[in-house]
Enquirer: 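Take a look at the following structure, please.
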Amino acid sequence: MKKLLPTLLATAAFMLSPAARAADLTIWALPAFNQNADDKITEMAQEFGRERGLSVEYTIVPANVLNERLAAAIQGGALPDVFMQFSPQVQYYAQLGVTLPLDDILGQMRAVEGGIYESTTSAMMYDGKAMGVPLEVDVVPMFARKDLLEGVGMALPTTLEELRAASKAILAKDPTITAFGHPLSTGNDAEMMNRIVLWSYGAEMFNEDGTQVTWNSPETVAGYQFIADMFAEGTIPRSTLSWDDAGNNTAYQTGRAAFIMNPPSVYQWMIANDPDLLADTALIPMPRGPGEKGRSATMITSFAWMVSKGTKRPDDAKAWLSYFLEPARYEEVINTVGGRWLPIYPALYKNMPLFKDNPDFAKLGEMAENGLVDGHAGPPTAWASAVFNAKIVSQSIQRMLVDGESAADAVVWATAEIEKLKDQ
């Protein structure tokens, strides 16, 4: 077994529940960011257990503690039978040798009419085997305040320079506004959203086969400098250095932010809590970066199911995945989540009223098909997963913003740190 990353073990020891193995089948899951959806899936797990004659323990674990809890469970030899994680982590756990292949479950999903969003599957593959299965698609549109833009006579931005110009104008008119609510901490969201900005500038972390680091490029340096410039002028406020994964959500939901990037959980929140703010909001693709390599980038991730190699009930564990992903039952879950999860089945995206009747969601399917994966321009790998876990991009940006390093030096540091993780 490969050595666990030290950052995962530092606070892990106290996280392992002694009751974790009490049920016949234990399932750890990330929250769906919707209490009704969490309740529905929990009841679904209980119903699955009743039908199979099993006691099922379905435990929702907050994202900010799941890595540590899983690390402790691995060290203690007490992984749950089934667990959910973000797709960039599938490679990591596969490399540790603690998960089972799920090619049969992936085959069942692909056999559904219309198949699945194949953009999600490369993150599941390790040594030619599917070591996880995607259970939804995360796309990251930009949320833009139409009313604030209209107040300064500007249109929705289509380029990053237009985003910056609009942010300057909005901030000049109202200095209390968080113009671009872009997290700059070392949380999961910051690591992902920094990459989206940098990829839009044309940055690439690895070459096409994922064997060489290509982070130190003029495009990457220019992307770092863009972030530094917005930070220096205050259009990205200093408070974002300490935001957790809910920081940008909170800023937008309280009316304090003009622009954020986020999956559609914020959209669902506005439906339930603030229809006026929703009316003033547009969901748009990421504004395009400059130059020949500039693009409108989004990072494709998903929540993924994995099955522990140590499970005593592999057939029951896989049966849970089949049960959850059965299209009619799965559609009920997606409807309850309410737009935060894009369905893994394109046919549902095209046919469910939740998506097809909502113009705000019109671009999400295209983003799901064309988004970039962790490890870009290469495939997802255990190496890329280790880089994400170590939050190297976010750390390097903090070195630039807090410690005063130049953009070029911060990129050099990040490149060296990425290289160090190659064989871990």
Side-chain angles (χ1 to χ4, degrees), residues 31-40 136 138-160 162-183 189 193 196 230 234-237 239-240 243-287 296 298 334-343 349 352-367:
F33 303 102
N34 179 308
Q35 187 59 53
N36 290 334
D38 286 334
D39 292 343
K40 183 172 187 61
E136 51 87 53
D138 273 350
V139 294
V140 186
M142 177 163 279
F143 289 70
R145 286 282 297 275
K146 296 184 291 185
D147 57 328
L148 296 180
L149 285 164
E150 290 167 2
V152 294
M154 302 183 80
L156 292 167
T158 60
T159 68
L160 286 175
E162 289 177 1
L163 170 68
R164 184 180 175 190
S167 297
K168 286 181 178 179
I170 290 168
L171 186 64
K173 184 173 181 178
D174 184 353
T176 68
I177 289 289
T178 295
F180 183 21
H182 179 65
D189 278 10
M193 292 171 190
I196 291 173
M230 291 196 72
T235 45
I236 300 176
S239 60
T240 60
W243 277 5
D244 62 15
D245 286 349
N248 58 336
N249 303 52
T250 300
Y252 199 87
Q253 290 166 190
T254 55
R256 294 184 288 112
F259 303 100
I260 65 166
M261 291 182 283
N262 206 73
S265 54
V266 172
Y267 189 92
Q268 181 63 23
W269 183 92
M270 289 188 291
I271 290 175
N273 298 284
D274 198 336
D276 292 336
L277 180 59
L278 179 63
D280 287 331
T281 295
L283 268 64
I284 61 174
M286 182 66 183
S296 172
T298 190
I334 294 297
N335 261 322
T336 306
V337 176
R340 169 60 179 83
W341 289 354
L342 200 69
Y349 170 75
M352 288 176 63
L354 173 65
F355 298 102
K356 74 181 182 67
D357 296 342
N358 188 341
D360 287 334
F361 290 166
K363 295 290 186 180
L364 299 190
E366 181 181 337
M367 295 172 73

Enquirer: Side-chain contact, heavy-atom cut-off 4.5 Å: I334 with P343?
Expert: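 Yes. Closest side-chain heavy atoms under 4.5 Å.
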
Enquirer: Quick one: side chain to side chain donor-acceptor pair (under 3.5 Å) pairs with a partner in residues 251-260, sequence neighbours left out?
Expert: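 For residues 251-260, and leaving out neighbouring residues, the side chain to side chain donor-acceptor pair (under 3.5 Å) pairs sorted by first residue read Y252-T281, T254-R256.
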
Enquirer: For the backbone of D189 and the side chain of D245, can you confirm whether one donor and one acceptor N or O come within less than 3.5 Å of each other?
Expert: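 Side chain of D245 to backbone of D189: a pair is present.
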
Enquirer: Would you say that P353 contacts N358 through its side chain, given a criterion of any heavy-atom pair below 4.5 Å between the two side chains?
Expert: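 Side-chain contact under 4.5 Å: no.
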
Enquirer: Do L364 and P141 come close enough that some side-chain heavy atom pair is under 4.5 Å?
Expert: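 Yes. Closest side-chain heavy atoms under 4.5 Å.
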
Enquirer: If I take atom CE from residue M352 and atom CZ from residue F361, how far apart are they, to the nearest 0.5 angstrom?
Expert: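 Separation between the atoms: 10.5 Å.
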
Enquirer: Are the ring centres of F143 and Y267 closer than 6.0 Å?
Expert: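 Not close enough - the centres of the two rings lie 6.0 Å or further apart.
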
Enquirer: How many angstroms lie between OG1 in T235 and CD1 in I170, if you round to the nearest 0.5 Å?
Expert: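 Result: 10.5 Å between the selected atoms.
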
Enquirer: Measuring from K40:NZ to Q35:CD, what's the distance to the nearest 0.5 Å?
Expert: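 Result: 14.0 Å between the selected atoms.
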
Enquirer: For K173, does the NZ atom sit with more than 12 other heavy atoms under 6.0 Å from it, leaving out its own atoms?
Expert: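 Counting neighbours around NZ of K173, 12 or fewer heavy atoms of other residues, nucleotides or ligands fall under 6.0 Å, so no.
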
Enquirer: Please step through side chain to side chain contact (heavy atoms under 4.5 Å, CB included) for the pair F259 and R145, ending with a clear verdict.
Expert: CA-CA 7 Å; F259 303 100; R145 286 282 297 275; over 6 Å; no

Enquirer: Please report the closest heavy-atom contact between L149 and P157, naming both atoms and the distance.
Expert: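 For L149 versus P157, the nearest heavy atoms are CD1-CD, 4.2 Å.
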
Enquirer: Measure across I284 and A144 and return the closest heavy-atom pair with its distance rounded to 0.1 Å.
Expert: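 Nearest pair, atom of I284 first, then A144: CD1-CB, 4.3 Å.
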
Enquirer: Please lay out, stage by stage, how M286 and T298 fare under the test side chain to side chain contact (heavy atoms under 4.5 Å, CB included).
Expert: CA-CA 7 Å; M286 182 66 183; T298 190; 5.7 Å; no

Enquirer: Taking W269's backbone N and O only, do any of them form a donor-acceptor pair with N273's side chain (distance below 3.5 Å, no angle check)?
Expert: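 Side chain of N273 to backbone of W269, a donor-acceptor pair under 3.5 Å: yes, one is there.
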
Enquirer: So, do M230 and S167 sit near enough that their side-chain heavy atoms are less than 4.5 Å apart?
Expert: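 The answer is yes, as the side chains (C-beta and beyond) meet within the 4.5 Å cut-off.
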
Enquirer: Given side chain to side chain contact (heavy atoms under 4.5 Å, CB included), test M142 with L163 step by step and report yes or no.
Expert: CA-CA 11 Å; M142 177 163 279; L163 170 68; 4.0 Å; yes

Enquirer: Mind listing the closest non-hydrogen atom pair of P264 and G339 along with its distance?
Expert: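 Nearest pair, atom of P264 first, then G339: CB-O, 3.1 Å.
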
Enquirer: Please confirm whether the backbone N or O of E162 pairs with a side-chain atom of T159, one donor and one acceptor, at under 3.5 Å?
Expert: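 Judged by distance alone, yes, a pair lies under 3.5 Å.
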
Enquirer: Taking T336's backbone N and O only, do any of them form a donor-acceptor pair with N34's side chain (distance below 3.5 Å, no angle check)?
Expert: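 Side chain of N34 to backbone of T336: a pair is present.
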
Enquirer: When rounded to the nearest 0.5 angstrom, what is the spacing between CD in E150 and CG in L156?
Expert: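 Answer rounded to 0.5 Å: 8.5 Å.
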
Enquirer: Got a second to check how far L160's CG is from F180's CZ, nearest 0.5 Å?
Expert: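 Interatomic distance, L160 CG to F180 CZ, rounded to 0.5 Å: 7.5 Å.
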
Enquirer: Side chains of I196 and M261: closer than 4.5 Å at any heavy-atom pair?
Expert: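 The answer is yes, as the side chains (C-beta and beyond) meet within the 4.5 Å cut-off.
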
Enquirer: Got N248 and M193 here, is their nearest side-chain heavy-atom distance under 4.5 Å?
Expert: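 Counting from C-beta outward, N248 and M193 do come under 4.5 Å.
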
Enquirer: Write down the atom of W243, the atom of A251, and the distance for their closest heavy-atom approach.
Expert: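 Here W243 and A251 meet closest at CH2-CB, 3.8 Å.
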
Enquirer: Test your reading of the model: is there a side-chain donor-acceptor pair from N262 to the backbone of N249, 3.5 Å cut-off?
Expert: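 Side chain of N262 to backbone of N249, a donor-acceptor pair under 3.5 Å: no, none is there.
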
Enquirer: Using atom types as modelled and distance alone, determine if a side-chain donor or acceptor of K146 lies under 3.5 Å from a backbone N or O of A279.
Expert: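 Checking the backbone N and O of A279 against the side chain of K146, a donor-acceptor pair under 3.5 Å is found.
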
Enquirer: Let me confirm one number: the CE-CG distance from M367 to L342, rounded to the nearest 0.5 Å.
Expert: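 Taking CE in M367 and CG in L342, the distance rounds to 9.5 Å.
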
Enquirer: Tell me the closest heavy-atom pair linking R340 and S265, and the distance in Å.
Expert: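 Scanning both residues, the minimum pair turns out to be CD-CB, 3.2 Å.
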
Enquirer: For S296 and P285, which heavy atoms make the closest approach, and how far apart are they?
Expert: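 Distance-wise, the nearest heavy atoms are OG-CB, 3.7 Å.
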
